[in-house]
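Below, all heavy atoms of this structure are taken into account, side chains as well, without hydrogens, waters or symmetry copies.
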Amino acid sequence: MRIPDYLSEVEHAALSLIDAIWSEQLKLQKIEEEIEKLQPVVEENYSRAVDIQQFAEDPDDVMMGVGMYWNNYFGEDKQLYHTDQNRQELANKVASHAFSIASLSASLLQHAKQGISLAHGGLANCPSGRIIGSQSLKNIVWEARNQSLHWEEANFRQGVNKCFNALDTEVDQKYSQYLNRNMAFDIVDLLGWKSYGNFSRDLLSLA
C-alpha cells in the first residue's frame, strides 16, 4: 500500500486522536496560566500591607495596612484559593486520564509506524524524512512507537536506547526519562503533530 492511500484510510482516526490529545493539554495549560498570573498579585499585596504596618508611624496608616491585608485575603487570595482548587480538580482529572492521553499519543505513533510498515516493509527501504538533531524522522517514529509499547518492561532493544539517548543529548534532557514513563506524547509534541496537516506531511515525506 502506498502512503497516500494509507493516509486516506486513517485520516478520520488520526484526526480524532490529534484533537483529543491537544484539547486535554489546552485545558490544563489555561488553568496554569491563570494561577501564574494571580500568584504574584497576591504576594505583592501582602508584602505591601505588611510593610505599611511595620513602618507606619501614623495609626491611620497602620489601619490602612491592616485593611489592605484583609482586602487581599478576601479578594485576590480568596480568588487564588478557588482557582487553585479548580486547578487541582482539573489536575486530578488530567492525572486520571494520563494513561488515556499517553495511549492516544501512542496510537498516533502506531498509525505512523504502520504506514511505514505497509508501504516499505520496515525502515530499510523507507526514505529518511526530515532530521531532528542527528536522527531521521523515520527512526524517531519507529523507536518512539517501540518505547511507548514496551516502556513498562523497561527492557528496550538497542535502537530505542540509542534514539532516546540522542534526544536527551541533542534536544531535551526530559528524554532521559524514557526508562520510566511513556514518552509518546513528548514525541508527538516534538514532531509538531498538532494538526492532521502536520502529521500527514511528515508521513508523505516517508512515501
Can you tell me how far apart CD (Glu11) and OG (Ser16) are? Round to the nearest 0.5 Å. 10.0 Å
In short, Ile140 meets Cys163 closest at the heavy-atom pair CA-SG, 4.1 Å
Side chain to side chain contact (heavy atoms under 4.5 Å, CB included) partner of Leu191, the single match among Asn198, Val141, Asp186: Val141
How far apart are the closest heavy atoms of Ser148 and Ala106, and which atoms are they? OG-CB, 3.6 Å
To the closest 0.5 Å, what do you measure between CG (Leu137) and CH2 (Trp142)? 13.0 Å
Taking the side chain as C-beta and beyond, is there a heavy-atom pair between Trp22 and Asp189 under 4.5 Å? yes
If we check side chain to side chain contact (heavy atoms under 4.5 Å, CB included) with Ser105, which of these qualifies: Val188, Asn182, Ile18? Val188
Non-hydrogen atoms of Ile187 and Ala144 that approach each other most closely: CG1-CB, 3.6 Å
Quick one: does any side-chain atom of Asn165 pair with a main-chain N or O of Asn161 as donor and acceptor, under 3.5 Å? yes
Would you tell me whether Asp168 and Tyr178 have side-chain atoms, one donor and one acceptor, within less than 3.5 Å of each other? no
Using 0.5 Å steps for rounding, measure from the CG atom of Leu17 to the OG atom of Ser103. 10.5 Å
Side-chain donor/acceptor of Gln147 to backbone N/O of Met183, under 3.5 Å: yes
Residues Ala119 and Ile3: closest non-hydrogen pair is CB-CG1, 3.5 Å
Does one hydrophobic cluster hold both Leu15 and Leu204, with members joined at side-chain heavy-atom distances below 4.5 Å? yes
Out of curiosity, Arg157 CZ to His150 NE2, how far, rounded to the nearest 0.5 Å? 7.5 Å
Please report the interatomic distance CG(Leu167) to NZ(Lys162), rounded to the nearest 0.5 Å. 14.0 Å
Heavy atoms, side chains only, cut-off 4.5 Å: are Phe156 and Leu179 in contact? yes
Quick one, Glu170 with Ser134, criterion side chain to side chain contact (heavy atoms under 4.5 Å, CB included). Give me CA distance, side-chain angles, the key distance, then yes/no. CA-CA 8 Å; Glu170 300 167 356; Ser134 63; 2.7 Å; yes
To the nearest 0.5 Å, atom CZ of Phe164 lies from atom NZ of Lys174 at 11.0 Å
Would you check, one step at a time, whether the test side chain to side chain contact (heavy atoms under 4.5 Å, CB included) holds for Asn180 with Trp151? CA-CA 7 Å; Asn180 303 312; Trp151 73 272; over 6 Å; no
Indicate yes or no: at least one non-hydrogen side-chain atom of Phe185 is less than 4.5 angstrom from one of Leu108. no
Assigning hydrophobic clusters by single linkage (Ile, Leu, Val, Met, Phe, Trp, Tyr; side-chain heavy-atom cutoff under 4.5 Å), is Leu149 placed with Ile116? no
Expected output: side-chain Ser23 to main-chain Ala20 donor-acceptor under 3.5 Å: yes
Testing the basics here: between Cys126 and Lys138, what is the closest heavy-atom pair and its distance to 0.1 Å? O-NZ, 2.8 Å
Which pair of heavy atoms, one from Leu203 and one from Tyr6, lies closest together, and at what distance? CD2-CE2, 4.3 Å
Heavy-atom side-chain contact between Asp172 and Leu190 under 4.5 Å: no
Using only atom types and a distance under 3.5 Å, with no angle test, would you say the side chain of His120 pairs donor to acceptor with the backbone of Leu206? yes
